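Just so it is clear, the model here is predicted, and its values are computed rather than measured. Counting begins at 1 with the first residue of the sequence.
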Amino acid sequence: MKYISTRGTAPELSFEEAMLSGLARDGGLYVPANVPQMTPEEIAALSGLSYEETAYRIMRPFIGDTFTDAEFRAIIDRAYAGFGHAARAPLVQLAPNHFLLELFHGPTLAFKDFAMQLIGQLFQAALTRRGDRVTIVGATSGDTGSAAIEAFRGLSNVDVFILFPHGRVSEVQRRQMTTPTEANVHALAVDGDFDDCQAALKDMFNDFDFRDRVKLAGVNSINWARVLAQVVYYFSSAVSLGAPQRRISFTVPTGNFGDIFAGYIAKQMGLPIDQLVVATNQNDILHRCLGGQGYHKGPTHPSISPSMDIQVSSNFERVLFDAYGRDGGAVSQLMEELKQGGFDVSQGALGFLQEQFASGRASEDETLQTIKATLTQSTELLCPHSAVGVKVANEHRAVDVPMITLATAHPAKFPAAVEQASGIHPPLPPRMSDLYDRPERVTRIANDLGAMKDFIKGHIAK
Ligand SMILES: Cc1ncc(COP(=O)(O)O)c(C=O)c1O
Ligand SMILES: N[C@@H](CCOP(=O)(O)O)C(=O)O
C-alpha cells in the first residue's frame, strides 16, 4: 500500500512513513494511491463483531507491512480499552429513522479520541522499534489538542506542543490542555484564530531546516492515520442498521473536513452510503462552496460551536484532489489562490463534489433551538456541534433511508451554551470532576512563526 501527495510531487510513502511524516514535502496531504475495496459479503460479516475486530478488518488493508497482524490487533485493543462505553461508538435513536452516533465516550469526551488513542499507540510502537523520537506540533480549535495531549502525555520519545487560539476555546477544552503536569506537554495560547494556528503548523512543515532539526510530526488530520481511524465507525454504525442490504445516510458536523472525508473513504471502500451531508455552523464556507459559490475566505465569527470555527478546511484539499481527477498541479494552483483569498471551483469539479456531498448550515439561534427541541423529543442532551448536525440532518432526512448524525462531543465540554439552550448544566464525568481546581500551565504567544519555532526549539528534550 502506497500513499501519494495531493500536490503530486512528493515521494510516495508507506503507511508508516506517511504517518510519521505528516504533511508531504510538497505541502500536500497524503492519500492512498488506491482505496482498498470491501465486498458486500465482507461488509455483512462485520455484523455482531466487537468495535475492535471491526476496526482491525477495516484498517488492516491500509497498513501494509508496517505491523504484523498480531501487533496491529494488540495496538487496537490498547487504543480502545479506556473508552467509557462497551460499544465504543453507540447508536441512540432520536426519531423514526434518525439515529445519533455517540462518539464522545473516549478519555477527552470528543470524537478525536477514536483516532488519537490509536495514533498514540501506533507512534509508540513505530518509534520504539526505530529507536527514534519526534516533536509533535498540533493546531487545535479545542478538541484535537486535548485528545493529542491525552494520547501522548508522559511518553519518553515524544514532545507535544499544541497551538490553540487564545480565548476561543471553551474553558473545559482549555483546562484539558493546560492542566496535565507531564513535562513533555506544552500548551501555547496563540494571539490569533484557529486558521492562524493551522497556517503556522503548515509553515513549520514547509521549513525543512526546522522540520528536520526537531523531527517534526503531525497529529492533526493532516496525518492520514487520523482519517483512517475515523472510517471505522461509519462501517460499525451502518452495519448495525442493516448495511450493506440497506443504504444509510450520514450527517457530519464539519470544520476541517477530516471526519466527513473519512465517510467519503468508507463509501469509496464499498459502504452503501446514500447521502453524506456536511453540516456547518455560521462559518459556512464549505456549505457556500458546495452550493456553487466558490471557496472564498471571510472573517471567522466566533460561535457556540467553536471547534468548527474554521475558514481553511484542511482536508477539503483531499477531496479536491479527486474532484480534479487526481491532478496534483491543479490542486497546487488552487492552494496558491487560496493564500490570496480563495478560488472558484470548475464546473466539472463542482459536479463531482455535489454528487458526493449535500450540505447545510445552522445559525447560532438554530443551534440553541435544536439542543432544546432534541431534549424535549428524546432524552439526548446535545453539544452545540452535534446540534448543528441534527439541525442539518433534519433538513435532509428521507423517510425510507436511516440517517445517522455524528455526535462529536460531550455536552459537558460546552456547558455555557448547553445551559443557555436547555437550562441544564451538564456535569463532567467523575474522573474529571476536579478539572476546575487543577492548576493551569500555559504559555501565551504572539501569532508569530519565529516566536513559535524558537519556543519549540528551546523546549524539546535534548
Ligand atoms: C466537537 C467537534 N465537532 C466537529 C468537528 C469538525 O470535525 P472536522 O474538523 O473533522 O470536520 C470538530 C473539530 O474537528 C470538533 O471538535
Ligand atoms: N476541530 C479541530 C480542528 C483541528 O482539526 P483536525 O481534525 O485537523 O485535527 C479541533 O478540535 O482542534
Side-chain angles (χ1 to χ4, degrees), residues 19-23 107-108 110 112-113 115-117 119-120 122-124 126-127 132-169 173-223 225-226 256 258 307 310 314 439-462:
M19 174 183 83
L20 291 176
S21 54
L23 201 69
T108 69
K112 307 286 179 176
D113 290 321
M116 212 62 88
Q117 286 294 311
I119 288 204
L122 292 170
F123 264 63
Q124 210 181 342
L127 291 173
D132 208 354
R133 61 174 299 114
V134 291
T135 301
I136 289 173
V137 182
T140 188
S141 51
D143 289 324
T144 290
S146 34
I149 288 172
E150 182 62 29
F152 290 97
R153 67 195 171 103
L155 295 191
S156 58
N157 41 15
V158 174
D159 292 294
V160 189
F161 297 83
I162 298 297
L163 312 172
F164 71 89
H166 176 70
R168 293 193 184 211
V169 300
Q173 289 177 314
R174 189 191 75 235
R175 286 180 171 276
Q176 284 182 317
M177 294 187 277
T178 59
T179 58
T181 53
E182 289 79 1
N184 72 329
V185 168
H186 306 273
L188 302 181
V190 178
D191 287 319
D193 58 23
F194 169 75
D195 290 303
D196 295 321
C197 298
Q198 182 158 254
L201 172 63
K202 289 194 174 178
D203 286 344
M204 287 180 207
F205 271 108
N206 289 326
D207 173 348
F208 295 152
D209 281 348
F210 175 80
R211 176 179 183 155
D212 295 339
R213 177 161 162 196
V214 304
K215 297 191 176 172
L216 188 60
V219 294
N220 276 96
S221 51
I222 285 171
N223 193 319
R226 275 278 312 280
N256 229 6
S307 300
I310 295 175
S314 179
E440 293 190 73
R441 189 168 57 91
V442 59
T443 302
R444 179 97 177 255
I445 197 157
N447 178 21
D448 177 272
L449 185 61
M452 294 180 212
K453 287 197 286 200
D454 286 345
F455 183 91
I456 293 166
K457 281 188 282 195
H459 287 81
I460 49 177
K462 298 286 182 288

Please round to the nearest 0.5 Å and tell me the distance separating atom [atom1] of [X] and atom [atom2] of [Y].
X    : Y    : atom1 : atom2 : result
T443 : F455 : OG1   : CZ    : 3.5 Å
T144 : M116 : OG1   : CE    : 5.0 Å
L127 : L122 : CG    : CG    : 10.5 Å
E150 : E182 : CD    : CD    : 8.5 Å
T135 : N184 : OG1   : CG    : 10.5 Å
H186 : I136 : NE2   : CD1   : 12.0 Å

Nearest heavy-atom pair of [X] and [Y]: which atoms, and what distance?
X    : Y    : answer
M452 : A446 : CE-O, 3.8 Å
G22  : I222 : C-CG2, 3.6 Å
T178 : A187 : CG2-CB, 4.1 Å
S146 : T108 : O-CG2, 3.5 Å
P107 : D113 : N-OD2, 3.3 Å

Any side-chain heavy-atom pair from [X] and [Y] closer than 4.5 angstrom?
X    : Y    : value
V169 : F194 : no
T181 : R441 : no
R211 : S21  : yes
M177 : E440 : no
K112 : T140 : no
I149 : Q176 : no

Next on the checklist: With no hydrogens and no angle check, just 3.5 Å: does a side-chain donor-acceptor pair link S307 and Q173?
Outcome noted: yes
With no hydrogens and no angle check, is any side-chain donor or acceptor of [X] less than 3.5 Å from a backbone partner on [Y]?
X    : Y    : answer
D193 : D195 : yes
N447 : V190 : no
D454 : A451 : no

Checklist entry - Any side chain to side chain donor-acceptor pair (under 3.5 Å) pairs touching residues 213-223, not counting sequence neighbours? => result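 As it turns out, the side chain to side chain donor-acceptor pair (under 3.5 Å) pairs with a partner in residues 213-223, which skip direct neighbours, are D132-K215, S221-N315.
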Next on the checklist: Before you tell me yes or no, could you show the steps for I119 and F152 under side chain to side chain contact (heavy atoms under 4.5 Å, CB included), namely the whole-Å CA-CA distance, both residues' side-chain angles and the distance that decides it to 0.1 Å?
Outcome noted: CA-CA 9 Å; I119 288 204; F152 290 97; 3.7 Å; yes
Item to check | Test side chain to side chain contact (heavy atoms under 4.5 Å, CB included) applied to F123 and L155, step by step | outcome: CA-CA 10 Å; F123 264 63; L155 295 191; over 6 Å; no
Side-chain donor-acceptor pairs of residues 158-168 under 3.5 Å, sequence neighbours excluded:
residue: D159; atom: OD2; partner: R133; partner atom: NH2; Å: 2.7
residue: D159; atom: OD2; partner: A461; partner atom: N; Å: 3.1
residue: H166; atom: NE2; partner: R444; partner atom: NH1; Å: 3.4

Exercise answer: donor-acceptor pairs, residues 199-209 side-chain atoms, under 3.5 Å, sequence neighbours excluded:
residue: K202; atom: NZ; partner: S314; partner atom: OG; Å: 3.0
residue: N206; atom: ND2; partner: K202; partner atom: O; Å: 3.2
residue: D207; atom: OD1; partner: D209; partner atom: N; Å: 3.2
residue: D207; atom: OD1; partner: F210; partner atom: N; Å: 3.1
residue: D207; atom: OD2; partner: K453; partner atom: NZ; Å: 2.6

